[in-house]
Amino acid sequence: MKDRNVIAWAIISMVGFVVLNFLMSRPFVDSTNVQMTMSEFWRTTLIAVVLYVIPIVLAALDWHPSFYLMGLVIALYTLSPISVLFNMWMDSGASVMIKLLMSAYSLALIVGNAYWLVLALRLRQRQQKIADRKRFAAKK
């Protein structure tokens with residue numbers, strides 16, 4: 001089934017966000033705007049996992065509108081790596097190597113989320129063609 005790729009990339013996106021969230025909570029980021037305690041890290045991670053898992057489970061149960069919900073969640077959590085990019089270069093006192101590594105990871109996560117979108121749009125197009133064939137074949 002082709003939606004397995006979409007689900008797999010959603011899981012990659014979720015894990016990517018959790019790792020990015022963890023990295024931003026570390027002291028080597030050296031940012032005055034990001035002073036996250038471990039309790040805040042766990043709270044935001046729990047919220048992210050719940051928001052990701054609900055549409056993933058619904059997609060696994062073959063409820064097709066779940067991909068729209070998943071798209072909304074992934075779009076929301078794509079804002080985080082964008083924020084990291086701005087934060088690392090505008091506010092962080094970290095070394096240039098840390099800034100480059102965090103920026104590369106953020107960009108990789110944005111590209112992965114964009115790839116998820118491409119997969120989801122292809123899946124939607126395939127499902128629409130199947131539905132159209134069924135609908136127009138029934139009228140003949």
Side-chain angles (χ1 to χ4, degrees):
M1 191 183 271
K2 294 293 182 185
D3 26 324
R4 287 185 184 170
N5 288 336
V6 178
I7 293 170
W9 277 95
I11 293 169
I12 290 169
S13 175
M14 176 182 64
V15 171
F17 169 77
V18 170
V19 169
L20 186 66
N21 195 25
F22 177 76
L23 291 173
M24 286 302 288
S25 71
R26 304 293 76 200
F28 62 78
V29 170
D30 192 25
S31 175
T32 56
N33 284 339
V34 181
Q35 296 177 349
M36 186 183 305
T37 64
M38 283 311 282
S39 65
E40 290 171 336
F41 163 75
W42 286 113
R43 187 176 59 237
T44 57
T45 298
L46 180 65
I47 291 169
V49 168
V50 167
L51 286 175
Y52 269 100
V53 165
I54 290 171
I56 288 171
V57 167
L58 291 173
L61 295 173
D62 207 26
W63 188 61
H64 294 294
S66 65
F67 292 108
Y68 296 110
L69 181 59
M70 196 181 307
L72 182 65
V73 170
I74 287 179
L76 176 70
Y77 281 99
T78 301
L79 296 175
S80 178
I82 293 169
S83 172
V84 168
L85 285 172
F86 283 114
N87 197 1
M88 290 307 296
W89 292 102
M90 302 292 183
D91 186 49
S92 178
S95 70
V96 174
M97 183 58 86
I98 298 289
K99 288 180 180 183
L100 286 173
L101 290 172
M102 291 295 289
S103 297
Y105 185 76
S106 295
L107 288 173
L109 192 54
I110 292 169
V111 168
N113 288 351
Y115 183 64
W116 176 90
L117 178 64
V118 169
L119 289 175
L121 289 174
R122 286 180 185 166
L123 178 65
R124 171 69 178 124
Q125 184 180 27
R126 232 180 350 265
Q127 290 172 348
Q128 189 64 43
K129 284 182 181 179
I130 291 169
D132 286 347
R133 280 190 210 123
K134 286 180 184 177
R135 184 175 59 212
F136 293 124
K139 289 184 179 183
K140 289 183 180 181

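We number each residue from 1, following the sequence as shown.
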* To do: Flag yes if more than 12 heavy atoms outside Phe28 fall under 6.0 Å of its CZ atom; otherwise flag no.
  => yes
* Above 12 or not: heavy atoms from other molecules or residues under 6.0 Å from CE of Met38? -> yes
* Scan for side chain to side chain donor-acceptor pair (under 3.5 Å) pairs involving residues 111-122, sequence neighbours excluded, and state none if there are none. => Ser13-Asn113, Thr78-Asn113
Minimum-distance pair of heavy atoms, taken over all atoms of [X] and [Y]:
X	Y	value
Met70	Val6	SD-O, 4.4 Å
Val29	Met88	CG1-SD, 3.9 Å
Phe41	Val18	CE1-O, 3.9 Å
Pro81	Leu20	CA-CD2, 3.7 Å

* To the nearest 0.5 Å, what is the distance between CZ (Phe67) and CG (Leu58)? -> 10.0 Å
* Please answer whether the main-chain N or O of Gly16 pairs with a side-chain N or O of Tyr105 as donor and acceptor at a distance below 3.5 Å. => yes
* Within the side chain of Ser103, is there an N or O that forms a donor-acceptor pair under 3.5 Å with the backbone of Lys99? -> yes
What I'd like to find out is whether the side chain of [X] reaches to under 4.5 Å of the side chain of [Y], using heavy atoms alone.
X	Y	result
Leu85	Ile110	yes
Ser80	Asn21	no
Leu123	Arg126	yes
Leu117	Ile74	no

* When you look at Lys129 and Asp132, which way does the salt bridge (charged side-chain N to carboxylate O under 4.0 Å, His left out) test go after all the steps? -> CA-CA 5 Å; Lys129 284 182 181 179; Asp132 286 347; over 6 Å; no
